[in-house]
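Down below is the structure, laid out as structure tokens.
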Amino acid sequence: MADNKVLLRATDIDKQFGITHAVDHVSIDFYSHEIHALIGENGSGKSTFTNMLTGIYTLGGGTFALEDKTIFVKNQVSANRLGIAIIVQEMGTLSGLTVAENIFLGEEDPFIHNGVKNTAAMNKKAQDLLDSYGFSRIRANAIIDTYNFEDRKLVEIVKSTYFDPKVLVVDETTTALNHSGRVELFKHMRRLRDLGSCVIFISHDLDEVLEMSDRVSVLRDGEYIDTVNAKDVTTDDLKKLMVGRELGEHYYRTDYGEKIPEEVALKVENVSVGNEIHNVSFELHKGEILGIGGLSECGMHEVGKACFGASFDRTGSVTLADGTQINDINTAINHSIAYASKDRDNESLLINDSIMDNITLPSMRDMGKVLSIKKLHAFADKFAKEMSTKMVNVDQFVSELSGGNKQKVVLARWIGKGSDILILDSPTRGIDIKVKADIYALMDKMRKEGKSILMISEELPELMGMSDRILIMKEGEISGEFLRDPSITDTALIEKMI
């Protein structure tokens, strides 16, 4: 840090959702010229805290002061005008608008003359920015919906940093980016720090936290625990501060040499989807965790959708053991296939509905002809609690939950449905170490019960630690296969990716 001047002061910040104290009288100083990490388990209050700072949530109590002046943030546009920006964990762009309209949302005045918007000038300015960031393949005049989740995150990076905000919040953004996207994000985080801004960096990747941050503040159950200098601590120190005790490293399976069952649960033959995947074939066996990995744009995420019947331009076949062809989502669900998307908020959850609605949705046909609120409530409550979901009750809106608890709702839905085949795309994206361990234990339990799991992941330790077999994809095709073995290295997998 170039100096220790307090740029942003949070004093006695407080927020409750019902009886849940999401942020409990938290006070933290954030300096200029620093990247300040904010860490904690899912549900610790990190995102709630920064959402109040940036106008996404109303402030429950306490004050924020920027450059010694108390600020009142009404919404994200108001925050931007004060010099505060955020790149959110989930989708932060608006469908139906162009890329340029998303970048300049709320800041269109420079392009309006005599009441008429100069769209050409806005598009040119946006394209110049995209080009300067190295994102030339993203076109300013294109509708944002034509781009995938990762590209939309790149647009958010431009939107949130082009005006050199005094405070930038980066909330779990790196989990949605490939290597080149992370490099670009980190470059602009450091650039803003060097200009005298403060970057508040939220990440569950503790190695990344220590690499990027100057100081680290820890929240636990909504309360402030401590602030430490990144250079003075290890990842184990941070884990202990987060959970309040020592936490072992035994997340992954410890078994090796088990024979993969011969019974085939799902057969994929010559599946192609546009320019995404080409003639992909493999078998998923009963009681197997089959991992699929690769670089972000290799096509692995499209494989998951294709197996769930969610790719409308798919060719080839996806067939169950009984001969059933999976060509649409209804057939998949009715034949005990579950799917958890990488993009939780937009593809796996009804974000503005209750936990109860989300958990019960696929199981309603199985619950009898007469459905009562009492029955639905009991069903949802049972499986939400089985997943140890941190919530007020099942009537709470999913939008109020942390990332890890949202993922628990997704899994509770399919456990409640009793699905035999689970397609899990990035199952621990944006999830803290304790919840990761819980999800891995659940996956191992389901495997032993004879359920089949197709796990798509960009995390090599996760692939090697949990899979019976690993398929590596490159440019839309399977480029390598590895059986579970303690001698498999990152290097061996990466060689098949690039």
Report the C-alpha separation of Leu493 and Asp490 in whole Å, then their side-chain angles, then the decisive distance to 0.1 Å, and conclude whether the side-chain contact (heavy atoms from CB on, under 4.5 Å) test is met. CA-CA 5 Å; Leu493 299 184; Asp490 293 10; 5.7 Å; no
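- Using a cut-off of 4.0 Å between Lys/Arg side-chain N and Asp/Glu carboxylate O, Glu150 and Lys153 are scored as not salt-bridged.
- We find that Glu386 and Lys382 are not joined by a salt bridge, their nearest charged nitrogen and carboxylate oxygen being 4.0 Å or further apart.
- Without hydrogens or angle criteria, Arg429 side chain to Lys342 main chain gives a donor-acceptor distance under 3.5 Å.
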Derivation of the side chain to side chain donor-acceptor pair (under 3.5 Å) call for Asn141 and Thr98: CA-CA 6 Å; Asn141 60 352; Thr98 66; over 6 Å; no
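- Ion pair Lys187/Glu184 flagged as a salt bridge, since at least one NZ, NE, NH1 or NH2 atom sits closer than 4.0 Å to an Asp/Glu carboxylate oxygen.
- Between His377 and Asp395, some side-chain heavy-atom pair lies under the 4.5 Å cut-off.
- Looking at Lys117 and Glu108, no side-chain N of the basic residue comes within less than 4.0 Å of a carboxylate O on the acidic one, giving no salt bridge.
- Within 6.0 Å of CZ in Arg182 there are more than 12 heavy atoms belonging to other residues, nucleotides or ligands.
- Donor-acceptor pairing under 3.5 Å is lacking for the side chains of His21 and Asp221.
- A side-chain donor from one of Asp131 and Gln127 sits under 3.5 Å from a side-chain acceptor of the other.
- Salt-bridge annotation for Glu41 and Lys390: absent, with no side-chain N of the basic residue lying under 4.0 Å from a carboxylate O of the acidic one.
- Annotation: Asp194, atom CG; neighbour count of heavy atoms from other residues, nucleotides and ligands within 6.0 Å is above 12.
- Between the side chains of Ser402 and Asn405, at least one donor-acceptor pair of N or O atoms lies under 3.5 Å.
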Chi angles and distances behind the side-chain contact (heavy atoms from CB on, under 4.5 Å) call for Met300, Glu458: CA-CA 9 Å; Met300 60 182 174; Glu458 297 171 29; 3.1 Å; yes
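- Taking a cutoff of 4.0 Å between a charged side-chain nitrogen and a carboxylate oxygen, Lys305 and Asp425 do not qualify as a salt bridge.
- Geometrically, Lys15 engages Phe17 in a cation-pi contact defined by less than 6.0 Å to the ring centre and at most 45° from the axis.
- A donor-acceptor pair under 3.5 Å is absent between the side-chain atoms of Asp171 and the main chain of Ile202, judged by distance alone.
- With hydrogens and angles left out, the side-chain atoms of Thr48 and Asn51 include no donor and acceptor closer than 3.5 Å.
- For the pair Thr54 (side chain) and Gln76 (backbone), a donor-acceptor distance under 3.5 Å is absent.
- Under a 3.5 Å cut-off, the side chain of Ser341 and the backbone N or O of Ser348 do not form any donor-acceptor pair.
- Using a 4.0 Å cut-off between charged side-chain N and carboxylate O, Glu107 and Arg81 make a salt bridge.
- Between Phe49 and Phe64, the gap from one ring centroid to the other is short of 6.0 Å.
- The one candidate from Met466, Lys451, Met446 that meets the side chain to side chain contact (heavy atoms under 4.5 Å, CB included) condition with Ile289 is Met466.
- Applying the 6.0 Å contact sphere to CZ of Arg191 captures more than 12 heavy atoms from other residues, nucleotides or ligands.
- Here the OG-CD1 distance, from Ser213 to Ile39, works out to 8.5 Å after rounding to the nearest 0.5 Å.
- A distance of 6.0 Å or more separates the ring centres of Tyr147 and Phe135.
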Is there a salt bridge (Lys or Arg N to Asp or Glu O under 4.0 Å) between Glu156 and Arg152? Walk through the geometry before answering. CA-CA 6 Å; Glu156 288 181 57; Arg152 291 174 76 159; over 6 Å; no
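- Put simply, the side chain of Asp145 gets close to the backbone of Gly96: a donor and an acceptor are under 3.5 Å apart.
- Using bins of under 30°, 30° to 60° and over 60° for the plane-to-plane angle, the ring pair Phe104/Tyr162 lands in the perpendicular bin.
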Do Asp444 and Arg447 pass the salt bridge (Lys or Arg N to Asp or Glu O under 4.0 Å) test, and can you show the C-alpha distance, the side-chain angles, and the key distance before you say yes or no? CA-CA 5 Å; Asp444 196 36; Arg447 173 188 70 87; 2.8 Å; yes
